[in-house]
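Note sheet for the following structure.
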Number of protein chains: 2
Amino acid sequence: MTKTRRRGVELEKAIFQATREILATEGLAGLTFPKVAAAAGTSKPVIYRRWKSPFELSLAAVQDQIKAENNGRTDEVVFTGDSLREDLMQVMKRFVISMNTFGQSYVTTFFSVLNQEQGTVISKIVEESSTIDIHAIDRVLERAQTRGEITTTAFSNDLKLLPFEWLRYHVFTRETIGDDKVKLLVDDILVPAYRHAGSASEKA
Amino acid sequence: MTKTRRRGVELEKAIFQATREILATEGLAGLTFPKVAAAAGTSKPVIYRRWKSPFELSLAAVQDQIKAENNGRTDEVVFTGDSLREDLMQVMKRFVISMNTFGQSYVTTFFSVLNQEQGTVISKIVEESSTIDIHAIDRVLERAQTRGEITTTAFSNDLKLLPFEWLRYHVFTRETIGDDKVKLLVDDILVPAYRHAGSASEKA
DNA sequence: TTATTTAAGAAACCAAAAGTTTCTTATTGA
DNA sequence: TCAATAAGAAACTTTTGGTTTCTTAAATAA
């Protein structure tokens, strides 16, 4: 009988997988090297040799998943709608999908809990995705302006980010985001807001 | 020299105080009975006799503070504005203030981290405050309808809760919520959204 | 194929900190 | 003043995270 002994990337994949499972069930606070080793069916020294802290391991595990699922990022989408509403629906639906897959554990585990230095690392990640989100909205707005649906594309970043942040909130609270929320967002919030900017009353 | 030895409510207050301090600095993950005992200047058995887990203690400590600061709840506010916009500003500003005081630690510490059963307890708390929030918005909308500013008060709870949830999101991410966000919310989001409902185009 | 290198896994060990028990004594109030 | 209650000190147990050592499987090259 040949004792099978995994090593290299194969072993690493198993460790990442185990890490993500613990992250999902117990959060970052419950992630310890001994637990990971047990869950991955390997030994503690293997983990300690590779990573300095559970936090670093968690980042690696999440990035591994993002890399694996990195087909169809919100960034490089081709918009095909023929109205502001259609384009917005495309952006938001795509966002919800990516959120409900890898985003689920990624966002949920990484907020709160993080003390001092760790917070900055997460801030970086959020900032990056914010850039992508804003970029997507900008393109949608430009298309809408070309069509003549809106009269300006000059909106604050706060406004542009609001829909994404609101959806993320619901990920925090472990709710499942359904089509109803997306529809509400697009039809009752975003479209009116963007159209409203062209109107008269701009109070200071 | 008389050895002073606290007991009863006096002692309990000190324990709650210490609990909140640890909660604020290290989060729920860092809250342990020995630490609380040390911080409160008492002994471990005192804590162990009263609470079953750090989580239960944390709930008690936060509720204690809520009870103490329970003057001026969003619920029983008398609205004095003479427009939909004014009333909305009052609601949201009050929310931000309460959020920036006890809400700060309360919300920040309790999301994520929570595994299974704990999540449901928190959901309860959030649900309760949601009820209050919706109630406040309802009253604002009724007043606006009476004034003739809007034609209906029939909006989904999702829509009514959106502003509160968006603000809470920013509390999560440890940002400070300024007047700019409140103004954006009221002028560029809420007022247009509520007014929009009366308009023609209601797509399915 | 065999020798050599690399790295995984088992097991024993250490240290720190959470949790428990016992006993003493201050405080309250009958 | 005495009895009942509850706080605090201290010793102890248990758990668990982290480290070290050694054995041996797997990969690589001679």
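We name chains A, B, ... by the order of the sequence lines, and we start the count at 1 in each one.
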Next item on the list: Could you tell me whether the phosphate oxygens of dA7(D), OP1 or OP2, come under 4.0 Å of any side-chain nitrogen or oxygen in Arg50(B)?
Entry: yes
Note to self: Counting only side-chain heavy atoms from C-beta out, which of dT27(C), dG19(C), dG9(C) sits nearest to Leu11(A)?
What the structure shows: dG9(C)
Next item on the list: Report which part of the nucleic acid Arg6(A) touches: base, sugar-phosphate, or nothing (heavy-atom distance under 4.0 Å, all strands).
Entry: sugar-phosphate
Next item on the list: Kindly say if Thr32(A) contacts the phosphate of dG17(D), meaning a side-chain N or O under 4.0 Å from OP1 or OP2.
Entry: yes
Item checked: Rounded distance in Å - NZ (Lys35(A)) to C1' (dG18(D)) -> 15 Å
Next item on the list: To the nearest 0.5 angstrom, please state how far the CD1 atom of Ile150(A) sits from the NE2 atom of His196(A).
Entry: 14.0 Å
Item checked: Exercise: identify the closest heavy-atom pair between Ser58(A) and Leu23(A) -> CB-CD2, 3.9 Å
Next item on the list: Could you say whether Arg49(A) or Pro34(A) is positioned toward the 5' end of DNA chain D, judged by the nucleotide with the nearest heavy atom to each?
Entry: Pro34(A)
Notebook entry, point to check: Rounded to whole angstrom units, what separation is found between the CD atom of Glu56(A) and the P atom of dG18(D)?
Noted result: 13 Å
Next item on the list: Give the rounded distance in Å between these two atoms: CD of Glu12(A) and C1' of dA8(C).
Entry: 13 Å
Check: Once you round it to whole Å, what is the distance between C1' of dA10(C) and CD1 of Ile47(A)?
Finding: 15 Å
Note to self: Output the rounded distance in Å from NZ (Lys52(B)) to P (dG19(C)).
What the structure shows: 14 Å
Next item on the list: Please tell me which of the listed nucleotides, dA8(C), dG17(D), dG8(D), lies nearest to the side chain of Arg5(A)?
Entry: dA8(C)
Check: Of all the nucleotides listed (dG9(C), dA7(D), dG18(D)), which has the minimum atom distance to the side chain of Lys44(A)?
Finding: dG18(D)
Item checked: Whole-Å distance separating the CZ atom of Phe33(A) from the P atom of dT15(D) -> 24 Å
Next item on the list: Rounded to the nearest angstrom, tell me the gap between atom CD in Glu10(B) and atom C1' in dA7(D).
Entry: 12 Å
Notebook entry, point to check: With nearest nucleotides of DNA chain C determined for Pro54(B) and Ser43(A) from heavy-atom distances, which residue corresponds to the more 5′ nucleotide?
Noted result: Ser43(A)
Check: If you measure from the Lys or Arg side-chain nitrogens to the Asp or Glu carboxylate oxygens, is any gap between Arg143(B) and Asp82(B) under 4.0 Å?
Finding: no
Notebook entry, point to check: Gln17(A) and Glu21(A): side-chain donor and acceptor closer than 3.5 Å?
Noted result: yes
Item checked: Distance test, side-chain N/O of Tyr48(B) to OP1/OP2 of dT20(C), below 4.0 Å -> no
Check: Could a donor-acceptor pair under 3.5 angstrom be found where the side chain of Arg7(B) meets the base of dT28(C)?
Finding: no
Note to self: Salt bridge check, Lys183(A) against Asp187(A): does any charged N sit closer than 4.0 Å to a carboxylate O?
What the structure shows: yes
